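Scroll down for the structure; my scribbles are underneath it.
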Amino acid sequence: MFELFQNDLQAFSRSSLEESKAMSFLNRFDTKFVLKVDTALDFLKNIQNDYSLLEINNGVIQSYRTVYFDTPELLCFNLHHNKRANRFKFRTRKYLSNGKIFNEIKQKLNTGKTIKFRQRRDKIREEAPNIPILEDLANFDNGFLSLVQNNGYKVENLAPSLFVYFNRITLLNKHFPERMTLDFGVKYGYNNEEFKLSNTAIVELKRERSPDITVSQEFFRRIHKNPSGFSKYAIGIALTHENVKKNRFLPRIKKLVYERSSV
């Protein structure tokens, strides 16, 4: 699958990490579309003149390793399942292309906006010298705890609840302040089992204000594809944790093609 996407990205112009940071949109509106791989490849061909690709270290496909943290009762998952308008997730993410590691809090507000709080952990920072370098992504230490507490979250006993690996293509709109990601090759790990999504791509549009119609939107309208929620965390928990309440996510899971294996 990696090679399929790599071949279809040759016609895109490139953008630098600095250009991408200008559209990081930590306070934003998100719109997601779930596609099969062949539709995702067709999508890329249709937008290549209007979007540029983020390139890091001569690569345009970045791989991420993420560990999510939750309470023993899976509070974050249940808030999402129960459609709570204000919900949040805690995770540590490593960018395999450059080795950067961030602790992150991602919150969905009842206004429809998403906000993120981040804390870099792969180096000692001058503004926070008391927070050490994080060696193990699965370690919820005092550094992450301070990020959680300083932003007003009152949760206890957070522990690893899901391991996620995926590949990401990041695109920047040339005509409109819009950042877009396309994720594929999603793989979940928990309790010595892995689940790999073999024919799924997730496109996410990220903007500071509610969407205008752009080239990407026009493509989805043309193929009669409506936005749909897809939380990698929620779907991963539903797949890997047998005894959780998952009724809301079963219709989505039934449409997924995935491989299950022991590790």
Side-chain angles (χ1 to χ4, degrees), residues 17-18 20-32 54 56 62 64-71 73-80 84-164 166 168 170 177-181 183 202 204-210 229-234 236-237:
L17 188 57
E18 290 304 314
S20 175
K21 286 179 180 178
M23 285 195 275
S24 58
F25 301 150
L26 296 182
N27 188 346
R28 67 192 188 218
F29 289 96
D30 297 336
T31 309
K32 292 183 181 179
L54 170 63
I56 301 176
Q62 314 303 325
Y64 295 176
R65 173 77 170 167
T66 305
V67 181
Y68 283 88
F69 298 90
D70 212 331
T71 66
E73 301 80 20
L74 295 176
L75 170 66
C76 300
F77 170 78
N78 286 308
L79 287 174
H80 195 126
R84 288 288 298 272
N86 284 296
R87 56 182 185 263
F88 44 83
K89 298 181 179 70
F90 307 106
R91 67 193 184 199
T92 297
R93 172 167 289 174
K94 183 173 184 178
Y95 297 73
L96 300 184
S97 60
N98 54 24
K100 292 182 179 180
I101 299 171
F102 289 90
N103 292 334
E104 297 181 344
I105 303 171
K106 184 177 180 181
Q107 179 163 356
K108 189 81 168 183
L109 304 177
N110 56 12
T111 60
K113 270 200 169 184
T114 298
I115 60 173
K116 288 172 70 174
F117 306 98
R118 306 177 84 201
Q119 175 192 73
R120 189 166 174 181
R121 294 300 304 277
D122 59 288
K123 67 176 186 178
I124 300 294
R125 295 172 299 134
E126 293 182 2
E127 69 274 17
N130 59 320
I131 298 179
I133 294 173
L134 184 65
E135 300 291 346
D136 183 353
L137 298 190
N139 183 18
F140 187 87
D141 63 1
N142 289 333
F144 205 156
L145 182 61
S146 68
L147 179 69
V148 170
Q149 293 178 341
N150 291 342
N151 285 287
Y153 296 90
K154 298 180 180 180
V155 290
E156 297 180 348
N157 303 320
L158 290 170
S161 55
L162 186 68
F163 297 81
V164 184
F166 64 94
R168 169 166 289 179
T170 300
E178 174 191 53
R179 177 187 179 99
M180 185 164 58
T181 57
D183 297 344
I202 306 114
E204 184 172 4
L205 283 59
K206 306 173 185 187
R207 307 162 180 198
E208 285 187 316
R209 55 189 175 86
S210 55
F230 190 102
S231 163
K232 285 190 285 293
Y233 179 64
I237 291 291

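This one's a predicted model, so the numbers in the text were calculated from it and none came from an experiment.
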### Task
For the pair Asp183 and Lys232, evaluate salt bridge (Lys or Arg N to Asp or Glu O under 4.0 Å) and give the outcome as yes or no after the intermediate values.
CA-CA 10 Å; Asp183 297 344; Lys232 285 190 285 293; 2.8 Å; yes
### Task
Could you walk me through whether Asn157 and Thr71 pass the side-chain hydrogen bond (donor to acceptor under 3.5 Å, both in side chains) test, one step at a time?
CA-CA 6 Å; Asn157 303 320; Thr71 66; over 6 Å; no
### Message
Pair Tyr233, Ser161 - check side-chain hydrogen bond (donor to acceptor under 3.5 Å, both in side chains), show working.
### Response
CA-CA 9 Å; Tyr233 179 64; Ser161 55; 2.9 Å; yes
### Query
Should Lys106 and Thr114 be marked as a side-chain contact (heavy atoms from CB on, under 4.5 Å) after you check the CA-CA gap, both sets of side-chain angles, and the distance that decides it?
CA-CA 7 Å; Lys106 184 177 180 181; Thr114 298; 3.8 Å; yes
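When each of Arg91, Gln119, Lys89 is tested with Glu104 by the rule side-chain hydrogen bond (donor to acceptor under 3.5 Å, both in side chains), just one qualifies, namely Arg91.
A distance of 8.5 Å separates OG1 of Thr181 from CG of Leu205, quoted to the nearest 0.5 Å. To the nearest 0.5 Å, the span separating NZ on Lys123 from CZ on Arg125 amounts to 9.0 Å. Summarising the geometry, atom CZ belonging to Arg207 is positioned 14.0 Å from atom CZ belonging to Arg179; distances are rounded to the nearest 0.5 Å. We find the OG1-NZ distance between Thr170 and Lys206 to be 7.0 Å, quoted to the nearest 0.5 Å. Leu134 contributes atom CG, which lies 11.0 Å from atom CZ of Phe140 (distance to the nearest 0.5 angstrom). The CG atom of Leu54 sits 10.5 Å away from atom CZ of Arg168, with the distance rounded to the nearest 0.5 Å.
A 4.5 Å side-chain heavy-atom check between Leu162 and Val67 finds every atom pair outside the cut-off. In this structure the side chain of Arg65 reaches within 4.5 angstrom of the side chain of Phe163, judged on heavy atoms. A heavy-atom distance below 4.5 Å is not found between the side chains of Thr31 and Glu204. Within the 4.5 Å cutoff, no side-chain heavy atoms of Leu145 are placed close to those of Asp141. Between Lys94 and Thr92 there is no side-chain heavy-atom pair separated by less than 4.5 Å. Using a 4.5 Å heavy-atom cutoff, the side chains of Phe88 and Phe117 are not in contact. In this structure, the side chains of Phe69 and Cys76 stay at 4.5 Å or more apart for every pair of heavy atoms. For the pair Tyr68 and Arg93, the minimum side-chain heavy-atom distance is below 4.5 Å.
Across all their heavy atoms, Ser231 and Lys32 have their closest contact at CA-NZ, 4.1 Å. Here the closest heavy-atom approach between residue Pro132 and residue Asn130 is recorded as CD-O, 3.4 Å. In terms of heavy atoms, Pro160 sits closest to Ala138 at CG-O, 3.3 Å.
Residue Asn142 places its CG atom among 12 or fewer non-hydrogen atoms of other residues, nucleotides or ligands, all under 6.0 Å distant. In Glu126, the CD atom is not crowded: 12 or fewer heavy atoms of neighbouring residues, nucleotides or ligands sit closer than 6.0 Å. Counting non-hydrogen atoms of other residues, nucleotides and ligands closer than 6.0 Å to CZ of Arg84 gives a total of 12 or fewer.
Checked against the 6.0 Å centroid criterion, the rings of Tyr153 and Phe90 qualify as a close aromatic pair.
Asp70 contributes no side-chain N or O that, together with a main-chain N or O of Leu158, makes up a donor-acceptor pair within less than 3.5 Å.
With respect to Asp122 and Arg120, a salt bridge is recorded, a charged nitrogen being found less than 4.0 Å from a carboxylate O.
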